[in-house]
Structures are given as structure tokens and as C-alpha cells.
Amino acid sequence: MTIFSDNPHDRRMERLMMTVPNFAPRGVGFRFTEAQVFITTTAATPTEILTATMRQIRCPPFRKRFNEYIESEKNPMTYINEKHRARFELAARNVHRENYAVLSALYLLTADQRLWSCCKHHIINGCVFFENIKLNNCTERAYTLYCAAKDLTLGTKHLTVSDLSDADLVPPMLFRTICNAMAIRRFGLASIKENCHD
């Protein structure tokens with residue numbers, strides 16, 4: 001493709017004008033926001049990372065619950081326990097570090113042993129084949145984790161922000177785990193630090 005201008009803004013406009021209308025561009029690309037650059041180039045704290053992740057969510061009940069979570073802990077939870085950490089680290093070895101969607105799904109799917117047993121054979125070549133997963137004898141907690149993983153990976157809407165705001169529907173430990181997965185989805189593995197609560 002020929003570019004006629006030296007100005008970066010004009011080059012972007014030229015590329016845009018040469019694309020086919022109403023078609024998504026080929027390949028995978030994304031823009032870095034200032035927050036993403038900050039997270040990936042500095043040693044941001046877990047609280048800063050989570051806050052940057054949730055900044056655009058405006059739902060007042062969610063904001064209230066999230067702020068209570070952040071204010072209640074100096075070091076927000078990273079893994080549910082050491083078993084979760086071990087399962088996730090083993091599963092993430094075969095996934096490209098740039099594949100934030102799959103990493104966030106793996107983080108959620110490995111949070112529950114029974115759920116992981118149902119899912120681990122349906123992750124092939126960095127893809128989660130949700131349509132092949134059968135949730136046998138799984139708990140409500142596992143189903144919530146599964147739905148959140150599917151939403152973060154495929155953009156489905158099984159869980160809403162209002163659902164996450166409801167402590168009866170999404171208990172505190174699940175809320176924290178889903179918040180961390182959202183941070184991974186946005187910033188990658190840089191968003192999870194070496195904190196662990198048992």
C-alpha cells in the first residue's frame with residue numbers, strides 16, 4: 001500500500017480511506033491506551049492495575065462493590081490458593097503471552113479443580129473450544145467461572161455488570177477472581193502479581 005504523507009496522523013487517515021467499507025481489517029491489532037502503557041512499562045501495584053481495568057465501568061452498584069474490595073485489602077488477591085496458581089501456570093505455558101483473552105479464560109477455568117477437569121482437554125493450540133465443554137457435576141461457583149471465561153473470550157453476555165454487583169449472586173471470592181481475570185484480559189500477565197490468599 002502506498003503512503004503519500006510523512007505525518008503519522010495523515011498516514012492513519014490514508015490507511016483508513018483505502019480500506020473496504022464495513023469490513024474488519026485483516027489480522028489482529030489493538031491500540032494501547034495510556035493506562036496500558038503505564039501498566040506494561042512500570043511496576044504498577046495490583047490496586048492500580050485493577051483500578052485502571054475497571055475505570056470505564058460506570059454502574060454505581062458495581063463501582064461501590066469494587067471500591068469496597070479495593071479499600072478492604074492492601075494487596076488484592078491474585079490466586080485463590082496455591083493449587084489455582086499451579087494449575088494456571090501449567091496451563092498458560094502453551095499459550096502466547098499476547099493472547100490475553102485465552103489467558104483470562106484459563107485463569108478462570110483453573111480456579112476450580114472440577115471445572116478444570118471438564119475443560120482442560122478442550123484447549124487446543126491456544127483456543128478454548130467452549131462448544132465442546134460439558135460441565136458434569138459442577139457447582140454454581142464453577143458455572144459462574146465458566147460463564148465469565150466465555151464472556152471474556154467470546155464477548156458473550158452470560159454475566160452482566162449488574163450480576164457482578166450482586167454479592168448474593170457472585171460471592172466475594174468469585175468477584176475478586178473475575179476482577180483479576182478482567183485485568184488479565186486487558187493488560188495480560190503483567191496484571192497478576194505474586195500475592196496469594198489461601
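Bear in mind the structure is a predicted one, so any value in this text is a computation, not a measurement.
With sequence neighbours left out, the salt bridge (charged side-chain N to carboxylate O under 4.0 Å, His left out) criterion links Lys64 to Glu68. With sequence neighbours excluded, the residues that form a side chain to side chain contact (heavy atoms under 4.5 Å, CB included) with Arg97 are Ala92, Leu103, Leu189. Taking the salt bridge (charged side-chain N to carboxylate O under 4.0 Å, His left out) definition, one finds that Arg141 meets it with Asp112, sequence neighbours left out. Applying the side chain to side chain donor-acceptor pair (under 3.5 Å) rule to Asn99 yields no partners; only residues at least two apart in sequence or on another chain are considered. A search for ring pair (Phe, Tyr, Trp, His ring centres under 6.0 Å) contacts involving Phe175 returns Phe62, not counting sequence neighbours. For Asn94, the side chain to side chain contact (heavy atoms under 4.5 Å, CB included) criterion is met by no residue, not counting sequence neighbours. Residues passing the side chain to side chain donor-acceptor pair (under 3.5 Å) test with Ser117 are Gln113, sequence neighbours excluded. Contacts of Tyr69 classified as ring pair (Phe, Tyr, Trp, His ring centres under 6.0 Å), with partners at least two apart in sequence or in another chain: none. A search for side chain to side chain contact (heavy atoms under 4.5 Å, CB included) contacts involving Pro61 returns Cys59, Ser165, not counting sequence neighbours. Not counting sequence neighbours, Arg65 has no partner by the side chain to side chain donor-acceptor pair (under 3.5 Å) test.
Nearest heavy-atom pair, Ala91 versus Leu106, reported as atom, atom and distance to 0.1 Å: O-CD1, 3.7 Å. Heavy atoms only, all atoms of each residue included: Met182 and Met54 are closest at CE-SD, 3.7 Å. Heavy atoms only, all atoms of each residue included: Val128 and Ala105 are closest at CG2-CB, 4.4 Å. The shortest non-hydrogen separation linking Leu135 to Tyr143 is CD1-CD1, 3.6 Å. When all heavy atoms of Arg185 and Tyr100 are compared, the pair lying nearest together is O-CB, 3.4 Å. The two residues Leu152 and Ala181 make their nearest non-hydrogen contact at CD1-CB, 3.7 Å.
Judged by distance alone, with hydrogens and angles left aside, the side-chain atoms of Asp151 form a donor-acceptor pair with the main-chain N or O of Leu159 at under 3.5 Å. When atom types are taken as modelled, the side chain of Ser191 and the backbone of Phe187 share no donor-acceptor pair closer than 3.5 angstrom. At distances below 3.5 Å, not a single donor-acceptor pair connects side-chain atoms of Arg114 with backbone N or O atoms of Asn136. Within the 3.5 Å criterion, the main-chain N or O of Thr110 finds a donor-acceptor partner in the side chain of Arg87.
Within 6.0 Å of the CG atom in Asn132, the count of heavy atoms belonging to other residues, nucleotides or ligands exceeds 12. The environment of Glu131 atom CD is dense: over 12 non-hydrogen atoms of other residues, nucleotides or ligands sit within 6.0 angstrom. Lys83 NZ: 12 or fewer foreign heavy atoms inside a 6.0 Å radius.
With rounding to the nearest 0.5 Å, the separation of SG in Cys138 from CG in Leu115 is 5.5 Å. Expressed to the nearest 0.5 Å, how far NZ of Lys157 lies from SG of Cys147 amounts to 15.0 Å. Of the inter-residue distances, the one linking Glu48 atom CD with Ile70 atom CD1 reads 10.5 Å to the nearest 0.5 angstrom. Put simply, CZ on Arg63 and CZ on Arg58 are 7.0 Å apart, with the number rounded to the nearest 0.5 Å. Distance check: Thr53 OG1 to Phe66 CZ gives 7.5 Å after rounding to the nearest 0.5 Å. Here the CG-CG distance, from Leu145 to Leu109, works out to 8.0 Å after rounding to the nearest 0.5 Å.
Taking the six-membered ring where tryptophan is involved, the planes of Phe130 and Tyr146 are perpendicular, since the angle between them exceeds 60° and thus also 30°. Using cut-offs of 30° and 60° for the angle between ring planes, the Tyr79 and His84 rings count as perpendicular.
Taking hydrophobic clusters as Ile, Leu, Val, Met, Phe, Trp and Tyr residues chained together by side-chain heavy-atom distances below 4.5 Å, Leu90 does not share a cluster with Ile123.
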After noting the C-alpha distance and the side-chain angles of Leu50 and Asn180, does the key distance pass the side chain to side chain contact (heavy atoms under 4.5 Å, CB included) rule?
-> CA-CA 7 Å; Leu50 285 168; Asn180 284 335; 3.7 Å; yes
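Ile124 belongs to a hydrophobic cluster whose remaining members, ordered by chain and number, are Phe129; membership requires side-chain heavy atoms of ILVMFWY residues under 4.5 Å apart, directly or through intermediates.
Listed by first and then second residue, the salt bridge (Lys or Arg N to Asp or Glu O under 4.0 Å) pairs involving residues 162-173 amount to none (not counting sequence neighbours).
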